[in-house]
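Each remark here refers to the structure printed beneath this line.
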Amino acid sequence: MPELPEVEVVRRGLAKWAAGRTVARATVLHPRAVRRHPAGPDDFTHRLTGATLAAPHRRGKYLWIPLAQDTAMVAHLGMSGQFLIRPEGAPAEKHLRVRFVFDDTEGTDLRFVDQRTFGGLSLHETVPGDPEQLPQPLAHIARDPIDPAFDDDAFHAALRRKKTTIKRALLDQSLISGVGNIYADEALWRTKLHYDRPTASLTRPRTAELLTHIREVMGDALAAGGTSFDSMYVNVNGESGYFDRSLDAYGREDEPCRRCGTPIRRRAWMNRSSYFCPRCQPAPRPSS
DNA sequence: CTTTTAACCTGCCTGC
DNA sequence: TGCAGGCAGGTTAAAA
């Protein structure tokens, strides 16, 4: 479950069901799942053995779990990654990639399941003195819009100086993290902005509106347990969120805009799709 | 230097 | 039924 609300649902599940537990044994069933771990699968499992999982943190779509004073396990769900808390005896999922067995008597294990293998786990040093024990590789990831330390003014200034379009900017994790294809389309629809609008043309009030809508749609989605179109995106207990029923733009091609009734359109865009209302979100005047 | 494209994977759905 | 092609919520190395 890839975007910020879905990852936050997972983080909360880990906080409840995995934090504080000590790993008795870690098993890597598919080496690609730990390809971002520099020292390889054997080092990964060896270093996790005996490690106690601290409370999980999140920035944007990235999760991390501090293990010791200066080490944390980073997790990214990619397009199809899941963390599942399962009964120890439950049969292996078809796409089970990494399994953690604990030294306690709770009777459950922790599994990283990932059909498309774009996600992965890895161990990294943390930024010295960082209160959240941020892993070094995440230092370049921007704070996300629901982080109290997110700087709205700096974000607007960055948009103004970029030579790009608004949806590309929203998906740039070094400018603002946690926004993906669904919530970008939803926030743009709520703000009545076209995805190809040049960022340099945005006024400060427009940027403020956009940020407000990003926060609102993510808050709404979180309250609904996230967005799930199928069993691919689930919480640690395997349950789907139901925000898909509340989407206004994403996935609604040819269905009437909930504001003006005009059919929502889908456009091929950067090897994926953009959904928008052609009336509420008119295309910007072509530049040059 | 910044911006854009193509590639990385598996599985499902549609149309021929 | 089979098969090709398109599509899917992610990042990122390489090219422009």
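Throughout, a chain's letter reflects where its sequence line sits, starting with A, and its residues are numbered from 1. No hydrogens, no waters, no symmetry mates; every other heavy atom, side chains included, goes into these values.
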Short side-chain N/O contact to dA8(C) OP1/OP2 from S273(A), under 4.0 Å: yes
N or O in side chain of R272(A) less than 4.0 angstrom from dG10(C) OP1/OP2: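 For dG10(C), OP1/OP2 do have a side-chain N/O of R272(A) under 4.0 Å.
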P gap between dT11(C) and dG11(B), integer Å: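 That atom pair is separated by 22 Å.
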Spacing of the P atoms in dG6(C) and dA6(B) (rounded, Å):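 Looking at atom P only, dA6(B) and dG6(C) are 14 Å apart.
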[N] [atom2] sits how many Å from [X] [atom1], rounded?
X	N	atom1	atom2	answer
R116(A)	dG9(C)	CZ	P	8 Å
L77(A)	dT11(C)	CG	P	10 Å
L4(A)	dT11(C)	CG	P	11 Å
L171(A)	dT11(C)	CG	P	8 Å
R32(A)	dT11(C)	CZ	C1'	11 Å
E6(A)	dG10(C)	CD	C1'	12 Å
M270(A)	dG6(C)	CE	P	19 Å
N271(A)	dG10(C)	CG	P	13 Å

Compute whether any side-chain donor of one residue and acceptor of the other, for [X] and [Y], lie under 3.5 angstrom apart.
X	Y	value
D70(A)	T126(A)	no
T108(A)	R21(A)	yes
Y183(A)	T227(A)	yes

By the 4.0 Å heavy-atom rule, please label [X] as base, sugar-phosphate, or nothing.
X	value
R97(A)	nothing
F229(A)	base
Y62(A)	sugar-phosphate

State the [atom1]-[atom2] distance between [X] and [Y], to the nearest 0.5 angstrom.
X	Y	atom1	atom2	value
T49(A)	F44(A)	OG1	CZ	10.0 Å
L110(A)	W17(A)	CG	CH2	13.0 Å
Y62(A)	I141(A)	OH	CD1	4.0 Å

Aromatic ring proximity F229(A)/Y250(A), centre distance under 6.0 Å: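 Yes; Y250(A) has its ring centre under 6.0 Å from that of F229(A).
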Lys/Arg cation over aromatic W189(A): R259(A), 6.0 Å, 45° cone: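 Yes, R259(A) sits over the ring of W189(A).
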Donor-acceptor under 3.5 Å (R266(A) side chain, E253(A) main chain): no
Position toward the 5' end of DNA chain C (nearest nucleotide), Q115(A) or H140(A):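 Result: Q115(A).
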DNA chain C-proximal residues of residues 172-181 of chain A, any heavy atom under 4.0 Å: Q173(A), G180(A), N181(A)
Involving DNA chain B, stems made of at least three consecutive Watson-Crick or G-U pairs, both distances under 3.5 Å: B:2-8 with C:10-16, B:10-16 with C:2-8
Heavy-atom contact window of chain A on DNA chain B, given 5' to 3' at under 4.0 Å: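 In short, chain A contacts DNA chain B from dT3(B) to dG11(B).
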salt_bridge(R190(A), D220(A)) N-O dist < 4.0 Å: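 Yes, R190(A) and D220(A) are salt-bridged.
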Criterion side chain to side chain contact (heavy atoms under 4.5 Å, CB included) on D144(A) and D147(A), from CA distance to verdict: CA-CA 5 Å; D144(A) 60 60; D147(A) 182 335; 3.6 Å; yes
Aromatic plane relationship, H57(A) with W64(A) - under 30° parallel, 30 to 60° tilted, over 60° perpendicular: parallel
